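Here the structure is laid out as C-alpha cells; the discussion comes afterwards.
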2 protein chains.
Amino acid sequence: MPTIEEVAKAAGVSVATVSRVLNNGQVSPKTRILVENAIRELNYEPNMLGRNLRRSESRMILTMIPNISNPFYSVIVEGIEDAARKNGYNILLCNTEADVEREKIYLDLLKQKLADGIITMEPAIDIDVLKEVGKRYPVVQCCEYSEKINIPYIAIDNVTAAYKATKHLLTIGHKKIALINSDEKFMYARQRKEGYIKALQEFDIPVNEDWIVNAGLSFESGQRMMKYLLSLKDKPSAVFAVSDILAIGALKTIKDEGLKVPQDIGVVGFDNIQFANMMNPTLTTIEQPRYQMGVEAAEMLIKRIKDKKQKVENVILDHQLIIRESTMEY
Amino acid sequence: MPTIEEVAKAAGVSVATVSRVLNNGQVSPKTRILVENAIRELNYEPNMLGRNLRRSESRMILTMIPNISNPFYSVIVEGIEDAARKNGYNILLCNTEADVEREKIYLDLLKQKLADGIITMEPAIDIDVLKEVGKRYPVVQCCEYSEKINIPYIAIDNVTAAYKATKHLLTIGHKKIALINSDEKFMYARQRKEGYIKALQEFDIPVNEDWIVNAGLSFESGQRMMKYLLSLKDKPSAVFAVSDILAIGALKTIKDEGLKVPQDIGVVGFDNIQFANMMNPTLTTIEQPRYQMGVEAAEMLIKRIKDKKQKVENVILDHQLIIRESTMEY
DNA sequence: TTGAAAGCGCTAACAG
DNA sequence: CTGTTAGCGCTTTCAA
C-alpha cells in the first residue's frame with residue numbers, strides 16, 4: 001500500500017499538497033491534476049489510522065443494541081447506518097444483551113478513542129453513569145430514554161400511541177381490555193400504561209388491576225402472560241401488548257387454548273415488526289418510524305460530535321395505528 | 001484524557017516502561033505497581049488511535065451482512081461479535097442490502113486500514129473480485145460460499161440437510177413434494193436442490209419440474225410461489241422451502257386459501273429462526289448452528305489476520321432436522 | 001500556491 | 001530491567 005509520501009514523490013510535490021488535494025484544500029488546478037493522476041496510478045487510498053490519530057477522531061459511532069436478534073432494532077440500525085455512512089461515519093456494533101458489564105466495556109471504547117459518540121437504545125446501565133458519560137461524550141438516546149439526564153432523545157409519543165391502540169379496541173366494542181406491559185423500569189412502559197388508562201377513563205371503564213400484567217420482552221413472556229389472563233375467572237375480551245413479540249406470544253397461547261382471534265379475543269401489538277404482517281391472523285399494531293428514528297439519531301449524534309456545545313433538542317416522531325385482522329370488528 | 005507520557009511522568013518512569021506494563025512486557029514488580037498506580041490515579045486508558053497507527057492494525061472485523069433485518073443473520077452476528085470481542089476485536093457493521101456498490105465501498109475500508117479482515121455471508125459482488133480481495137486481505141466466507149476462490153468457509157452440509165428434510169416428508173407418506181428454492185446463483189440453493197432430488201430418487205419418485213420453483217428470499221416470494229403451486233392442476237401435498245421466511249410465506253398463503261397445515265399440506269422450512277417456533281402451526285425446519293458458525297468464522301478470520309500464511313481449512317458444522325407441527329403425520 | 005517541519009499517542013529496536 | 005529515540009501516516013501551522 002502506497003503512502004502519502006510516495007504519492008507526493010510520484011507527483012513531484014510535497015506531502016502537504018497531496019493532503020490538500022485529499023481534503024479539498026487550496027491547490028492550483030494544474031497541481032491538483034498532477035496529484036490526482038499519481039493517486040490513480042498508485043491506486044492510493046489514505047490510511048485512516050494516520051488521519052484518525054492526527055485528527056484525534058475515529059469516525060465511528062458506537063451503537064448499543066440490547067438484542068440484535070430482536071427485529072424491532074434491526075430497522076433502526078439500518079437507519080443509523082445509512083445516515084452515518086452518508087456522513088462518513090461507520091458503525092461499531094455492540095450487542096449488549098441488556099448486560100451492564102458488557103455495556104461498560106463498550107463505553108470504554110469512547111475513552112480509548114475508538115468511537116466518537118454513542119447511540120443507546122435501551123441502556124441497562126445505571127442512569128447516573130449514563131448521565132456522566134453524557135457530560136463527557138456525545139450521546140443520543142433512541143426510543144427508550146430518560147428525561148432527567150440532559151441527553152437528547154428520539155422517540156415517539158408513547159402515551160398517545162397506547163391511547164390510540166386502546167381506544168381502537170374500545171371503539172370496536174371491547175370493554176374488558178388487558179394490558180401486557182413490559183417492565184415498568186422502562187419509561188416507555190410507564191407511558192404506554194398511562195395511555196391505556198387514559199383511554200379506559202375516557203370510556204368510563206374502571207381499570208382492572210388483574211388485567212395489567214408485567215412481562216419480560218420475549219415471546220415466551222407473552223405466552224405466559226396470556227396463559228395467566230385466560231386462567232382468570234373474569235377473562236378479558238381483548239389484549240393490548242406493548243410489543244409485537246409479546247402479542248405474537250399471546251396469539252400463540254390463545255390459539256393453543258382453542259380460542260379464536262379476533263372472534264374470541266382481540267389482540268393489538270406495538271412496533272409493527274415485519275412479522276406482524278406474517279401472522280395468522282395478521283396483527284393490529286402501532287407503527288413506529290424505526291428507520292427514520294435511526295436516521296435522526298445518527299444525524300443528531302453527528303451534529304453533537306462536530307459541535308460539542310450543541311443545545312439539546314429532542315425529536316418526537318409520528319406513529320400510526322395499523323389495523324389488521326387481529327382486531328377486525330367482531 | 002491523559003496520555004502515556006503523563007502517566008510516565010506521574011510514575012517517574014519512561015513511556016517505554018508504561019507501554020511495557022500495558023502490554024505485559026518485562027517490568028520489575030516494583031515499577032509495575034508504580035505504573036499501575038499512576039494509571040489508576042489518572043484514570044488512564046490507552047489511546048487506540050496511537051496504538052493502531054503504530055501497529056498498523058485496526059482490530060476491526062468487517063462483517064458484511066446482506067440484510068440485518070433477516071433474523072437468520074442476526075444470530076450469526078452474535079457469534080461473530082462474542083468471539084471477536086474475546087480476542088480484542090470489534091465488529092464493523094456493514095449492511096449490504098445485496099448491493100454491489102455498497103459492498104465495494106465496504107471493501108475499501110480494508111485498503112483504508114479501517115478493518116483487518118472480512119467475513120462475508122452472501123457476497124453480491126463478482127466472484128473474481130472477491131477472489132482478488134482474498135489474495136490481498138484476510139477473508140472468511142460464512143454460510144454461502146464458493147469453492148473455486150481459495151477462501152476458507154464455514155458452512156453446513158446443505159445437500160444432506162435438504163436430503164433429510166425431503167426424506168422426512170417422504171417418510172410420513174408424502175409423494176408429491178414441491179421445492180421452493182431461492183436463486184440458483186447461490187451455491188446453497190444448488191446444493192439443497194441436489195439433496196431434495198437425491199431423496200426423491202431414493203424413494204423412486206420422479207422429479208416433477210413444475211414443483212420446483214425459484215423465489216427471492218422474502219416472505220412475499222414465499223406467498224407468491226405457494227400461490228402458484230396451489231394453482232396447479234396437480235397440486236403438491238407438501239412443500240420444502242429453503243428458508244423459514246419462504247416457508248412462513250407459504251404457510252400464510254395456504255391458510256389464506258382455506259387449507260390446513262399439516263392436514264392438507266405439509267411444510268418444511270430451513271434455518272430454524274426464532275419465529276419458526278412462534279407460528280401456527282409451528283414449523284418443521286433444519287437447524288443451522290448459527291451462533292457457532294459466527295464464532296468459528298470470527299476465530300478463523302482472526303487466525304488468518306495474525307498469520308497471513310495460514311493454510312485454508314474449511315469447517316462443516318452439524319445441522320439438525322427439527323420436527324414440529326407443520327409436518328405432523330397426517 | 002506550495003513546502004518544511006512539528007507532532008498526534010503509541011510501540012519497539014537498541015543501548016546501557 | 002529501563003530509558004532514549006525513531007517513526008507509523010497523516011494534517012496543519014508557519015514561512016516563503
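As the structure is a prediction and not an experimental result, all values here were calculated from the model. First the proteins, then the strands, lettered A, B, ... as listed; each starts at 1.
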message: Is B/Thr3 close enough to C/dC8 that one of its side-chain N or O atoms is under 4.0 Å from OP1 or OP2 there?
response: no

Margin query: Quiz question: by atom type and distance under 3.5 Å, do the side chains of A/Asn43 and A/Glu41 form a donor-acceptor pair?
Written below: no

Between NZ of B/Lys113 and P of D/dG9 the distance, given in whole Å, is 8 Å

Residue pair B/Lys30/A/Val18 against DNA chain D: nearer the 5' end by closest nucleotide is B/Lys30

Open item on the list: For A/Asn90 and A/Arg59: C-alpha separation, side-chain torsions, deciding distance, then whether side-chain hydrogen bond (donor to acceptor under 3.5 Å, both in side chains) applies.
Closed with: CA-CA 6 Å; A/Asn90 286 299; A/Arg59 294 234 160 207; over 6 Å; no

The residue, A/Arg51 or B/Arg32, whose nearest nucleotide of DNA chain D is more 5′ is B/Arg32

### Task
Identify whether any heavy atom of A/Leu49 sits under 4.0 Å from a base atom; if not, whether one sits that close to sugar-phosphate; answer base, sugar-phosphate or nothing.
nothing

### Task
Compute whether any side-chain donor of one residue and acceptor of the other, for A/Lys111 and B/Asn47, lie under 3.5 angstrom apart.
no

What's touching nucleotides 12-16 of chain C from the protein side, N or O pairs under 3.5 Å?
unit_1, atom_1, unit_2, atom_2, d
C/dA12, O4', B/Arg54, NH2, 3.4

Rounded to whole Å, CG of B/Asn24 lies from C1' of C/dT11 at a distance of 14 Å

Rounded to whole Å, the CD-P distance (A/Glu5 to D/dG7) equals 11 Å

Taking only Lys NZ, Arg NE, NH1 and NH2, and the carboxylate oxygens of Asp or Glu, determine whether A/Lys9 and A/Glu6 approach each other closer than 4.0 Å. no

A/Ile39 atom CD1 is separated from D/dC10 atom P, nearest whole Å, by 10 Å

Here the distance between atom P of D/dC8 and atom CE of B/Met48, to the nearest Å, is 21 Å

- prompt: For D/dG9, does OP1 or OP2 lie under 4.0 Å from any side-chain N or O of A/Tyr44?
  reply: no

**Item:** Check: A/Ile125 and A/Lys104 side chains under 4.5 Å, non-hydrogen atoms
**Value:** yes

To the nearest angstrom, the CG-P distance between B/Leu53 and D/dA6 comes to 17 Å

Q) Should we say atom CG of B/Asp99 is surrounded by more than 12 heavy atoms from elsewhere, each under 6.0 Å from it? A) yes

Interatomic distance, CD@B/Gln288 vs OH@B/Tyr188, rounded to 0.5 Å, equals 9.5 Å

Axis-to-axis angle for the helix from C/dT1-D/dA16 to C/dG16-D/dC1, ends of five pairs each, to 10°, equals 40°

The complete set of salt bridge (charged side-chain N to carboxylate O under 4.0 Å, His left out) pairs with one or both residues in residues 113-127 of chain A, sequence neighbours excluded, reads none

Comparing A/Thr17 with B/Ile4, nearest DNA chain C nucleotide closer to 5' gives the residue A/Thr17

(message) Are there over 12 heavy-atom neighbours, none belonging to A/Gln310, within less than 6.0 Å of that residue's CD?
(response) yes

In whole angstroms, the gap separating C1' of D/dG3 from NZ of B/Lys9 amounts to 15 Å

Rounded to whole Å, CG of A/Asn47 lies from P of D/dG9 at a distance of 6 Å

